[in-house]
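No hydrogens, no waters, no symmetry mates; every other heavy atom, side chains included, goes into these values.
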Amino acid sequence: MKFGFVRNDLDSSPGQSLDGSFRKSNSVISTHSVSGVSSSSKYFQTSRRVYKGLKDFGRKFIDQELFNQSLDNWISENYGVDQVTGEQTVLKPLFLTDELRKLDLALEGVLFQQLFRMPCSPLASKSAKEDVYHALEDFLHVIVNGLWRTFWRKSGPPPFSLSCFHHPGSKFYAAEKAILRGRLEELRGLALISENGNNLKVHWNQVVELVLFRQNILSGNELKLSVSTICEALFYGVHILISRCLRKSRTISDDSVFIVVFDSKFGAVIKLGGDLSKLELNTGDPYQSMAHWIKCHAEVLLSSVETIWNRLGNANWGDLGTLQVLLATFYSIVQCNGPPRKSISSLASAHSLRLQKRRIECRLAENENAKIPYQQDGYQHGEIVELDHSDNPLVKNTTHLKLRQGEILLLEDQQQGQKSFQIQESFIGGNYFLYGAISLDYPTQLLTLYVGAHPSRLEPSWEDMSLWYQVQRQTKVLNILKHQGVSSKYLPEVIASGRILHPGPCKKQSPSGRCDHPRCGTPILVTLPVGEPLSYIVARDGPFSSDDALRCCRDCLVALRSAATASVQHGDISPENIIRVFNMQGTRHKVLYIPVSWGRAVLEDRDSPAINLQFSSSHALQHGKLCPASDAESLVYLLFFVTGGRMHPQDSIESALQWREKSWATRSIQQHLGEVSPLLKAFSDYVDSLCGTPYPVDYDIWVKRLNRAVDGSGSADRGKMIEEVAMTLRLENVAESSGTSGGGT
């Protein structure tokens, strides 16, 4: 069966071997693996003698019954529950519960629909047996198609097919052809095959994952695999590993294979891995030799046995059984095709945004349909909430405006008129002047709402001046970008800006004036999109993977390039001011990294950037001004931080400059980024050559290079990954090295 269908952070699958020692897997897919397979996954060099010996061994290793006899006692002794201690004597679970839960969250919204039902009694008739293979084929087709389109490529056919087999080394058939030829009784299961260009002949070394179907996989009345089921799975797993070692072009990891076993109700996953170079080939009994290899040098991991199909023959999508099969297939595809474009963790982390959207939808439905209108505790049910100022914590001991969940603000926008917004939450980080809100005109879209300081509060407090930069000046900067035709999905978009219209009569003398009401004249800025700051993500999830770091660098450079066309520099690049956004369109989840907080942007020479002892450029710390490469230098510090680089707290500008000078001189920043990605190391070297010089950053060349690394695309147009601005600024090439290694000192 052909499918009507490239290559981040993957969870490892710890476990134990069946001999009781339970060694850690050398073939487990690691979180830190760049290629998607274990860093310890090595091919042993097969000389002609070894190649011939392994090939002869495979030819002799054909009797499954003899193999079962050499292993069944050992498996019986080690698989199950100790009658004395009551403890599980085999391995820990093949998949951790957290792994399965994370996959479940990542696949939210992905439709898996099996059309062919699994017969409840597969051996009742010949037609029922045919239905079994149609159901198996459809089940696996749905899984592979769904995983490929979710994690690898949205469009285009996946490079796999499904075929039936009779025994190890047999030819592969489409299920329909096997049925027509009357060979249904001989079929043992299905194989997921990696397509090999235009070569129509399929070999066993192209098997990505093997699926066995048996009348009953259980051991008596116990919910565990029978010994014969385990032996058969290992028998086929050994043949696949040998076939992979004998092939000339090695595109699939040699050291492990996943075998899925089913009956008409239950299913489980078995993983066999190990180094076949330790297999004793020169022996008269290949079955004892292979049994010794499995006991002493291999690793066998088994999942729990779970229900796959219900009584109606429908797959229990989202339950443990199907999730185990999904994760095994995911890892098998990774072994063959490399890491996915979207990691499980990145898609799972979008759950909070989907949850927030659902809350909004439920709240709106409640507002529209409930007999008693929705209202927050303590609020009147008028549209605009007016609080009793005597008990209002918003004005007690401070004149800062702090808003509560459920409040509705009426905003006067000079260009768009009056707009209403309802507060949903205060954003991460305890910033009570930054909120998530929805427009009552378009209530399904979550927006960012900035609340500025009341005009009367701008002089006495430095904090209030910060709010002025956050609201009034950011509004100015974003409007300048908009009026100059700078448009990009990597820049925040102004939805509305203006001043609060408070409830009750207003005694202001002019449209631009204000009365003595504590809210009158308070500036508001509403922007899109909404996301989580990198500082919060790193604190919660740990350092970025190589793919995430490259994407973050690319997205930020695109934003900085767009702003540079209007002669605007950000001036405050830091983890708090870069947000991660999940752009969800149907089942597509695209991660974007967007610089926000443009209030400290530099528009002209007299403007001063923000001073951040950890992330400001050396030129900004020394002179209070930006050089053309200052934003790029701050971006390097940010990448160093989000990828796990150690940044000591600085207590003065002098100590911050000393850290920069030492770090650039010893190349510690470049060395750390080089361990993450050679391209990031090259970018940091390039920025080092520009620090403190008057030469601009050549954004175009670095965006193109990063596009190739992130999307496999040589240009921004191909794949439509980058939104080009209407006007492109052609930057001159800089001298190869015009600065110093001291960070611009």
Quiz item: Taking the six-membered ring where the residue is Trp, are the ring centres of Y593 and Y490 under 6.0 Å apart?
Solution: no
Exercise. Go through the side-chain N and O atoms of S684 and Q670 and say whether any donor and acceptor fall under 3.5 Å apart.
Key: no
Quiz item: Can a donor-acceptor pair be found between the side chains of Q474 and S597 at a distance below 3.5 Å?
Solution: no
Strictly below 4.0 Å, N to O, side chains only: are [X] and [Y] in salt-bridge contact?
X	Y	answer
K625	D605	no
R101	D98	yes
K482	E493	no
D607	R473	yes

Is the closest side-chain heavy-atom distance between [X] and [Y] below 4.5 Å?
X	Y	result
V494	V526	no
W664	E633	yes
R561	V703	yes
V568	L481	yes
V477	I480	no
R551	D711	yes
V676	F544	no
T643	L673	yes

Quiz prompt | D547 vs R341, salt bridge (Lys or Arg N to Asp or Glu O under 4.0 Å): CA-CA, chis, key distance, verdict | solution = CA-CA 8 Å; D547 288 347; R341 292 187 169 190; over 6 Å; no
Output yes when a side-chain donor or acceptor of [X] lies under 3.5 Å from a complementary backbone atom of [Y], and no otherwise.
X	Y	answer
R149	K154	yes
S616	L613	no
D631	Q569	no
N479	T475	yes
S689	Y686	yes

Practice problem: List the steps, then state whether ring-ring contact (aromatic ring centres under 6.0 Å, His included) holds for W598 with Y469. | Solution: CA-CA 8 Å; W598 286 80; Y469 278 106; over 10 Å; no
So, for [X] and [Y], which heavy atoms are closest and what is the spacing to 0.1 Å?
X	Y	answer
S488	S562	CB-OG, 3.8 Å
V697	P628	CG2-O, 4.1 Å
F151	A106	CZ-CB, 4.3 Å

Exercise. Output, in order, the C-alpha distance, side-chain angles, deciding distance and verdict of side-chain hydrogen bond (donor to acceptor under 3.5 Å, both in side chains) for S332 and T329.
Key: CA-CA 5 Å; S332 298; T329 307; 5.8 Å; no
Gap between atom [atom2] of [Y] and atom [atom1] of [X] - 0.5 Å precision:
X	Y	atom1	atom2	result
L434	L467	CG	CG	10.5 Å
Q470	N577	CD	CG	9.0 Å
F95	L327	CZ	CG	4.5 Å
S574	N612	OG	CG	5.5 Å
Q206	S194	CD	OG	6.5 Å

Practice problem: Kindly state each residue pair satisfying salt bridge (Lys or Arg N to Asp or Glu O under 4.0 Å) with at least one member in residues 637-654, sequence neighbours excluded. | Solution: none
Practice problem: In sequence, state the C-alpha distance, the side-chain angles, and the governing distance for I495 and T527, and then conclude on side chain to side chain contact (heavy atoms under 4.5 Å, CB included). | Solution: CA-CA 5 Å; I495 301 300; T527 64; 5.6 Å; no
Quiz prompt | Option from F641, W659, Y637 for which ring pair (Phe, Tyr, Trp, His ring centres under 6.0 Å) with F615 holds | solution = F641
Self-check item: Contacts of type salt bridge (Lys or Arg N to Asp or Glu O under 4.0 Å), residue D685, not counting sequence neighbours
Solution: R667, K681
Practice problem: Start with the C-alpha distance between T150 and L147, add both sets of side-chain angles, then the distance that settles side chain to side chain contact (heavy atoms under 4.5 Å, CB included), and finish with yes or no. | Solution: CA-CA 5 Å; T150 301; L147 290 174; 5.9 Å; no
Exercise. Run the numbers on K271 and E299 for salt bridge (Lys or Arg N to Asp or Glu O under 4.0 Å), then give the verdict.
Key: CA-CA 8 Å; K271 180 182 177 184; E299 180 185 55; 5.1 Å; no
Quiz item: For L680 and F640, what are the C-alpha separation, side-chain angles and deciding distance, and is it a side chain to side chain contact (heavy atoms under 4.5 Å, CB included)?
Solution: CA-CA 10 Å; L680 292 182; F640 180 76; over 6 Å; no
Practice problem: Any chance you could lay out the side chain to side chain contact (heavy atoms under 4.5 Å, CB included) test for L491 and I594, step after step, and finish with the verdict? | Solution: CA-CA 6 Å; L491 292 171; I594 300 178; 5.7 Å; no
Self-check item: Qualifying residues under side-chain contact (heavy atoms from CB on, under 4.5 Å), relative to T666, sequence neighbours excluded
Solution: K662, S668
